[in-house]
Amino acid sequence: MKKFLTVIASLVVVAAGFVQRSEACSRILYVGDDNLRIVGRSLDWKTPIPTNLYVYPRGIEKVGSDAPGAIRWTSRYGSVLAVGYDSGITEGMNEKGLVVNSLFCKGTVYVNDSTAGRPPMSLAMFVAWMLDLNSTTPEVVAQLKDQNFSISGATFDGGTVSTLHWGVTDADGRSAIFEFDNGRLRIYEGDDMLALTNDPQYPQMKAINDYWTAVGGKNMMPGTVRSSDRFVRGTFFTEHVKKTGDASLGVSIIRSILNNVSVPYQYEIETEPNLSSTQWRSFANLRDRTYYFDIVTNLGTYYIDLNRCDLRKGAPIMKLDTSKHTDYVGDITGKLEKSNGFVPSY
């Protein structure tokens, strides 16, 4: 009993530093057999975030911002993108099996005095810049390390600032998490980095998870919707589920883990008016290049098969307007419609 009370006291101290907040997301990597890797991600917010899916082919000229001197590039790879408010890319997977997810992180500060004058890059296009030009995580890391850009972004949802950090994983499991700390870019690399949620930043989050690893998840795990608790539960479960090379079973496994770390829809506590709840979940199969999307108010989950998409230069941009097709289930690749593309909110 004395040992148990000591553990509880320690948890109270840890939890005191992480007050419940409105912004929330979880990113969990499932590693199966036969090179099967599936990145599951939940998007949590206090109100619905309309999110449409786009498939962009190769060979499109793009610009990172409408500010003078912005970064310009031509896409080398096609990709599927989740675009919030039809104006900013939340995440995506390219045809090489590279996945990039952006999640909220309260402590993020993108700029300092030294970043002034660097080529501007909008958050609305930042994910595309990485997916368009890189096939592996090491390539993304090499692109970012020079930090020859200055991040900025428009506010949304009544003035909310997008303070983000990112998780990257390629088809071989090489992973990176990168965060901006008072304008300085910090990159953490490893193989099969299993979890990313929100604040605190990654080194502190790892320390919290190490504590719970010592406690032992089969004995006790934190159960709230706090970011650190979701990180701990997601890590433990993805380390202890069955390994399979079957893609359908793998998606079912990672879906069940994401359900465990998701926040119930319209979850409310009287003293916490800005609580988030899970709005949608995605599951990116890096091996087979299939991207699943699950809006919690819809009846089912559907997916896009990048192998069946025309990603050649000159092919049309394709779109799924998720608000118009709430009853889709299964493979909807053939139901995508031609589009002019989304208009970035720089």
Say whether Ser227 and Thr197, considering side chains only, have a donor N or O and an acceptor N or O under 3.5 Å apart. yes
According to salt bridge (Lys or Arg N to Asp or Glu O under 4.0 Å), does anything in residues 82-94 pair up with another residue at least two apart or in another chain? List the pairs. Arg41-Glu91, Asp86-Lys319
May I ask whether Val251 and Val80 are part of the same hydrophobic cluster, defined by side-chain heavy atoms of I, L, V, M, F, W, Y residues being less than 4.5 angstrom apart, directly or through others? no
List for me each residue that meets ring-ring contact (aromatic ring centres under 6.0 Å, His included) alongside Tyr346, sequence neighbours excluded, and say none if there are none. none
Considering non-hydrogen atoms only, spot the tightest contact between Thr169 and Ser175 and give its length. OG1-OG, 3.2 Å
Pairwise side-chain hydrogen bond (donor to acceptor under 3.5 Å, both in side chains) hits with a residue in residues 233-257, at least two apart: Arg233-Asn260
Pairs flagged by salt bridge (Lys or Arg N to Asp or Glu O under 4.0 Å) wherever residues 115-139 is involved - sequence neighbours left out: Lys62-Asp132
So if you build clusters from Ile, Leu, Val, Met, Phe, Trp, Tyr with side-chain heavy-atom gaps below 4.5 Å, do Met220 and Val261 land together? no
In Lys206, Glu179, Lys106, the residue satisfying side-chain contact (heavy atoms from CB on, under 4.5 Å) with Gln201 is Glu179
Taking all non-hydrogen atoms of both residues into account, name the closest pair between Pro138 and Asp170 and its distance. CD-OD2, 3.7 Å
Nearest atoms (heavy-atom pairs only) where Ala247 meets Leu36: CA-CD2, 4.1 Å
What residues form a side chain to side chain donor-acceptor pair (under 3.5 Å) with Asp33, not counting sequence neighbours? none
Is the number of heavy atoms from other residues, nucleotides or ligands within 6.0 Å of CG (Asn340) greater than 12? no
Among pairs that include at least one residue of residues 292-327, which meet ring pair (Phe, Tyr, Trp, His ring centres under 6.0 Å), considering only residues two or more places apart or in two chains? Trp280-Phe293, Tyr292-Tyr303, His325-Tyr328
According to the interplanar angle, ranging from 0 to 90°, do the rings of Phe342 and Tyr56 count as parallel (below 30°), tilted (30 to 60°) or perpendicular (above 60°)? perpendicular
Could you list the residues that satisfy ring-ring contact (aromatic ring centres under 6.0 Å, His included) with Tyr110, not counting sequence neighbours? Phe180
Any salt bridge (Lys or Arg N to Asp or Glu O under 4.0 Å) pairs touching residues 294-311, not counting sequence neighbours? Arg281-Asp294, Arg308-Asp331, Asp310-Arg312
For the residue pair Met318 and Glu337, establish whether any side-chain heavy-atom pair is separated by less than 4.5 Å. no
Nearest heavy-atom neighbours spanning Leu336 and Leu320: CD2-CB, 3.7 Å
Hydrophobic cluster of Met193, others only, ordered by chain and residue number, side-chain cut-off 4.5 Å: Leu103, Ile177, Tyr188, Leu196, Tyr202, Met205, Phe231
Do Val168 and Met93 belong to the same hydrophobic cluster, where Ile, Leu, Val, Met, Phe, Trp and Tyr are linked whenever their side-chain heavy atoms lie under 4.5 Å apart, directly or via other members? yes
Using every non-hydrogen atom in the two residues, find where Tyr30 and Gly250 come nearest and quote the distance to one decimal. CE2-CA, 4.0 Å
Under a plain distance cut-off of 3.5 Å, with no hydrogens placed, do Thr90 and Ser102 share a side-chain donor-acceptor pair? no
Looking only at heavy atoms, which two atoms of Pro57 and Ala315 are closest? And how far apart? CG-O, 3.2 Å
Connected to Val329, directly or through other members, by ILVMFWY side-chain contacts below 4.5 Å are none
Is there a path of hydrophobic side-chain contacts, each under 4.5 Å between heavy atoms of I/L/V/M/F/W/Y residues, joining Ile28 to Val232? no
side-chain contact (heavy atoms from CB on, under 4.5 Å) with Tyr291: which of Leu53, Leu306, Thr333? Leu53
Single-linkage hydrophobic cluster, 4.5 Å side-chain cutoff, Ile38 and Leu194 together: no
Residue pair Thr290, Asp288: steps toward the side chain to side chain donor-acceptor pair (under 3.5 Å) verdict: CA-CA 6 Å; Thr290 48; Asp288 302 322; 5.4 Å; no
Side chains of Asn94 and Arg76: donor-acceptor distance under 3.5 Å anywhere? no
Residue pairs, two or more places apart or on separate chains, that pass ring pair (Phe, Tyr, Trp, His ring centres under 6.0 Å) and touch residues 76-101: Tyr85-Phe156
Write out all pairs satisfying salt bridge (Lys or Arg N to Asp or Glu O under 4.0 Å) with one or both partners inside residues 256-267, taking only residues at least two apart or from two chains. none
